[in-house]
Protein chains: 2
Amino acid sequence: MVLTVTVAEKIRTQFELFTPAERQLANTLIANYPMAGLGTIMELANSAKVSTPTVMRTVKKLGFKGFPLFQNALHEELKQTLSAPIDKHDHWANDVPAEHILNQFATSITSNLRQSLKQLDHKTFDEVVTLLTEKQRSVHIVGGRITHAFADYLQTHLQVIRKDIHMLPASSGLWPHHLLNVQEGDVLVIFDVRRYEADLLELAKLANERNVKIVLFTDQWLSPITSYTTHYFSCRIEAPSGWDSGVVTLFLIESLIAAMEEILWPETSSRLKELEDIFDFTGRFKR
Amino acid sequence: MVLTVTVAEKIRTQFELFTPAERQLANTLIANYPMAGLGTIMELANSAKVSTPTVMRTVKKLGFKGFPLFQNALHEELKQTLSAPIDKHDHWANDVPAEHILNQFATSITSNLRQSLKQLDHKTFDEVVTLLTEKQRSVHIVGGRITHAFADYLQTHLQVIRKDIHMLPASSGLWPHHLLNVQEGDVLVIFDVRRYEADLLELAKLANERNVKIVLFTDQWLSPITSYTTHYFSCRIEAPSGWDSGVVTLFLIESLIAAMEEILWPETSSRLKELEDIFDFTGRFKR
DNA sequence: TAATGTTTGTAAAGATTGTTACAGAGCTTG
DNA sequence: CAAGCTCTGTAACAATCTTTACAAACATTA
């Protein structure tokens with residue numbers, strides 16, 4: 001008896017047809033698969049915070065006549081999984097060959113993350129958080145050709161958290177002009193990964209001369225800008241492709257934002273509320 | 001609660017104290033461990049060709065108060081067996097307390113990644129790669145307020161790999177105008193995570209009516225746009241903060257790019273070379 | 001805002017499972 | 001070889017689980 005379609009696959013393909021409560025169930029089931037489905041229907045319902053009839057309905061939608069039959073299917077899968085060689089367990093994406101780009105990428109990225117974090121000095125992290133939360137300092141953000149998107153992302157989030165967040169224009173020709181608005185003591189966040197951009201280096205040099213605090217996001221080979229700054233993050237960017245990976249960089253950005261939010265929560269919460277009100281008014285968002 | 005002694009070990013150490021029928025049971029249990037113990041007490045009794053009371057007595061001899069408790073023990077063991085070795089990392093960043101935001105974030109993100117990959121249908125992934133590499137299709141990219149940065153990132157990379165990559169303007173007022181340039185059979189990549197934006201939904205609807213292929217990046221709760229598309233990626237975005245995390249989304253984008261590059265390498269390599277030449281000429285980059 | 005349809009949980013009925021009492025089969029030993 | 005013991009299964013009981021019916025909550029549409 002060979003099962004061509006796993007329960008997990010069934011869930012995936014039918015996910016859209018599910019109602020909200022059913023999706024919640026499906027998510028917890030997938031999140032803890034297949035363990036979550038091995039107990040009683042009540043245990044499953046409780047862990048997904050739904051009622052037993054919801055489980056019942058979901059199971060029927062998946063094509064099983066009743067919960068016990070659903071459970072049997074899981075048992076069958078488990079039997080096959082357990083009898084398979086151990087190295088198959090190490091897959092990230094199930095039902096996908098280990099050589100698939102997804103699995104390769106997942107392995108690379110976690111390795112990058114682990115190494116970057118090992119190398120990261122948490123004092124630097126905490127100090128940068130402090131720098132960015134001090135309200136008397138304006139924050140200016142600039143990125144390069146590739147890293148422009150990260151600058152954008154950081155700006156979008158910081159703008160909600162606090163005021164005086166500025167993004168430098170994409171065109172480097174306008175930077176000198178913008179530099180006039182940068183005060184001594186302000187913070188300039190620079191993204192620069194290989195290949196390092198000459199314009200950014202020039203910008204950093206000028207900013208440094210004006211006693212601007214520079215926070216640099218770079219890669220493990222370190223942009224030359226490091227010589228102008230005391231605070232930099234080196235993010236591992238290796239990926240199994242011709243391209244570099246920005247996952248670790250994004251991770252650090254989000255961690256920074258989270259840490260800042262914790263500190264500035266009183267201010268953030270009111271800003272967020274205002275923002276929501278505005279969006280509600282404009283009707284741009286659903287629900 | 002750490003189980004230092006597995007059920008299997010208990011059985012082995014007590015094997016001599018068992019009666020013939022009990023030994024028969026123990027043997028089938030060990031022979032097919034732990035699967036045999038996951039069904040009902042009757043199923044176990046049948047497969048061992050003994051009676052249910054015999055199972056009962058054996059289970060009690062092993063120190064369990066009842067059959068369900070015995071089964072729970074097996075479940076616990078299974079959970080530990082099945083949980084990937086990645087879980088074992090208590091600390092990501094060294095010399096940093098586990099409660100530090102960095103460690104919390106790292107744990108969340110890997111969990112998100114694992115869960116998203118579990119749920120991801122690799123056929124979808126491969127099909128999207130195919131869609132995006134077919135040269136006769138133009139590719140249009142659009143993001144929302146937060147996800148705009150991802151749209152930007154995707155565009156920056158795709159533009160190197162192939163031609164006919166277009167990014168929709170940030171202002172949704174211009175979208176209908178831009179839609180005129182979108183041909184039947186083109187691909188529209190949409191980023192939409194909660195809170196889902198009404199303008200994007202409207203855009204998706206219009207695009208769908210024009211027979212445009214829509215590829216959607218959304219979160220685990222699925223944007224309503226899913227109803228207009230056959231290809232979507234649901235990325236887990238939970239983070240230990242008031243914000244959502246885009247790390248998994250970025251991961252998928254990069255994986256897609258890597259997969260596309262592999263296919264289009266001949267074309268990409270020449271484009272890359274041209275690009276380098278241009279940059280060398282402009283002198284914007286440092287070696 | 002009312003009407004309609006969908007979604008969801010409560011609670012009770014029904015089915016199944018787990019447990020126990022007990023009796024007979026099989027051994028052992030005087 | 002029979003008394004006494006252990007071992008084992010049948011069958012009834014008790015507990016638990018699964019399923020269904022129904023009504024409240026919710027969203028949707030006119």
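What you see below is based on every heavy atom in this structure, not just the backbone, and it leaves out hydrogens, waters and symmetry mates. The sequence lines fix the lettering, A, B, ..., with proteins before strands; numbering per chain opens at 1.
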Starting at [atom1] of [X] and ending at [atom2] of [N], how long is that distance when rounded to a whole Å?
| X | N | atom1 | atom2 | result |
| --- | --- | --- | --- | --- |
| B:L17 | D:dT6 | CG | P | 15 Å |
| B:Q71 | D:dT16 | CD | P | 15 Å |
| B:N46 | C:dG18 | CG | C1' | 14 Å |
| B:F18 | D:dT6 | CZ | P | 18 Å |

Is the terminal nitrogen or CZ of B:K10 (NZ for Lys, CZ for Arg) located under 6.0 angstrom from the six-membered ring centre of B:F64 and within 45° of that ring's axis?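 Verdict for B:F64: a cation-pi partner in B:K10.
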Decide whether a cation-pi geometry holds between B:K60 and B:F70; the criteria are a distance under 6.0 Å from NZ or CZ to the six-membered ring centre and an angle within 45° of the ring axis.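 Output no; distance or angle outside limits.
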Could you list, one pair per line, each protein nitrogen or oxygen that sits under 3.5 Å from a nitrogen or oxygen of nucleotides 4-7 of chain C, together with the distance?
none

What are the two closest heavy atoms between B:C235 and B:V248, and how far apart are they?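 Nearest pair, atom of B:C235 first, then B:V248: CB-CG1, 3.7 Å.
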What heavy-atom pair brings A:M56 and A:F67 nearest, and what distance separates the two atoms?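 That would be CE-N, 4.0 Å.
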Between the protein and nucleotides 15-17 of chain C, which nitrogen or oxygen pairs are less than 3.5 angstrom apart?
none

Nucleotides 20-26 of chain C: which of its N/O atoms have a protein N/O under 3.5 Å away?
from	atom 1	to	atom 2	distance (Å)
C:dT20	OP2	B:K60	NZ	2.4

Would you please classify the geometry between the B:H178 ring and the B:H140 ring as parallel, tilted or perpendicular, with 30° and 60° separating the classes?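 The rings of B:H140 and B:H178 stand perpendicular, inter-plane angle above 60°.
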